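Here's the structure we're looking at; comments come further down.
Everything numeric in this text was worked out from a predicted model, so none of it was measured. Numbering of residues begins at 1 and proceeds along the displayed sequence.
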Amino acid sequence: QVQLVESGGGLVQPGGSLRLSCAASQLTLDDYAIAWFRQAPGTEREGVSCISSSNSNTYYAESVKGRFTISKDSAKNTVYLQMNNLKPGDTAVYYCAATVGLCTPYDYGFDYWGKGTLVTVSS
């Protein structure tokens, strides 16, 4: 069965860094646009970043631009989200998602989802 599994979440102080991983099975990530979404309690799910399948173009929400970097290791079939200079507002459950279509900030456009990994930014 298709699986996307996130890892790398945890507790970090403001200004710190984490690297999230999204490992895929039964799915070749090079054939999909892969996005990271996040959801904090009481909020809507928010698109954070995306990397396209066609040319590996990358996209970022304004709130994370310059701090987060999405990348892909095709040999490992894994997508990463490097998060630097973390802020308390980054606290959320982070999900990776895949679509056969184009990168989009809208969650309904994605076909497969991981179960999420919790990131907590607190001093």
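- Looking at D111, its side chain does come within 3.5 Å of a backbone N or O of V100 through a donor-acceptor pair.
- Here the side chains of S122 and P88 are not in contact, with every heavy-atom distance at 4.5 Å or above.
- S63 is listed as a side-chain neighbour of E46, based on a closest heavy-atom distance under 4.5 Å.
- Here the NZ-CG distance, from K115 to L4, works out to 11.5 Å after rounding to the nearest 0.5 Å.
- Side-chain atoms of T91 come within 3.5 Å of backbone atoms of V121 as a donor-acceptor pair (strictly under, hydrogens ignored).
- At a threshold of 4.5 Å between side-chain heavy atoms, the hydrophobic network of Ile, Leu, Val, Met, Phe, Trp and Tyr places L18 and V93 in two separate groups.
- In terms of modelled atom types and a separation under 3.5 Å, the side chain of D73 and the main chain of T78 share no donor-acceptor contact.
- Minimum interatomic distance between A33 and G101 (heavy atoms only, all atoms of both residues): CB-O, 3.6 Å.
- Remark: T99 OG1 to D107 CG distance equals 11.5 Å, nearest 0.5 Å.
- Distance OG/S123 to CG/L11: 10.0 Å, rounded to 0.5 Å.
- A donor-acceptor pair under 3.5 Å is absent between the side-chain atoms of S52 and the main chain of C103, judged by distance alone.
- Partners of Q39 according to the side-chain contact (heavy atoms from CB on, under 4.5 Å) rule, which considers only residues two or more places apart in sequence or in another chain, are T43, R45, Y95.
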Worksheet entry | Verdict with reasoning, W36 to C22, per side-chain contact (heavy atoms from CB on, under 4.5 Å) | CA-CA 9 Å; W36 288 95; C22 175; 3.6 Å; yes

Discussion item. I'd like to know whether M83 forms a side-chain contact (heavy atoms from CB on, under 4.5 Å) with V119, so could you lay out the CA-CA distance, the side-chain angles of the two residues, the decisive distance to 0.1 Å, and finally the verdict.
Written reply: CA-CA 10 Å; M83 306 186 295; V119 172; 3.8 Å; yes

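- Side-chain atoms of T117 never come within 3.5 Å of backbone atoms of Y94 as a donor-acceptor pair (strictly under, hydrogens ignored).
- Within the structure, side-chain hydrogen bond (donor to acceptor under 3.5 Å, both in side chains) contacts touching residues 25-34 (residues at least two apart or in different chains) are D30-K72, D30-S74.
- Side chain of N77 to backbone of L27: a donor-acceptor contact under 3.5 angstrom is found.
- Ring-centre distance between F37 and W113: below the 6.0 Å cut-off.
- Counting only distance, with no hydrogens or angles, the side chain of E6 and the backbone of G116 share a donor-acceptor pair below 3.5 Å.
- Cluster annotation: V64 is not connected to Y80 through the hydrophobic network of ILVMFWY side chains, with a link wherever side-chain heavy atoms come within less than 4.5 Å.
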Worksheet item: Is there a side-chain contact (heavy atoms from CB on, under 4.5 Å) between V79 and L29 once you walk through the steps?
Response: CA-CA 8 Å; V79 170; L29 290 181; 3.6 Å; yes

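- At least one donor-acceptor pair closer than 3.5 Å links the side chain of S49 to the backbone N or O of Y59.
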Item to complete: Starting from the C-alpha separation in whole Å, work towards a yes-or-no answer on side chain to side chain donor-acceptor pair (under 3.5 Å) for N84 and S17.
Response: CA-CA 4 Å; N84 297 327; S17 298; 2.9 Å; yes

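- Ring pair Y106/Y108 is parallel by interplanar angle, where below 30° counts as parallel and above 60° as perpendicular.
- Sorted by first then second residue, the salt bridge (charged side-chain N to carboxylate O under 4.0 Å, His left out) pairs that include residues 86-105, not counting sequence neighbours, are R38-D90, R67-D90.
- Remark: L102 CG is loosely packed, at most 12 non-hydrogen atoms of other residues, nucleotides or ligands lying under 6.0 Å away.
- The distance from atom CD1 of I70 to atom OG of S56, rounded to the nearest 0.5 Å, is 10.0 Å.
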Discussion item. Run the side-chain contact (heavy atoms from CB on, under 4.5 Å) test on V48 and F68 for me, step by step, so that the C-alpha distance in whole Å, both residues' side-chain angles and the decisive distance to 0.1 Å come before the verdict.
Written reply: CA-CA 9 Å; V48 175; F68 291 10; 3.7 Å; yes

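- To the nearest 0.5 Å, atoms CD1 (I51) and CG (N57) are separated by 8.5 Å.
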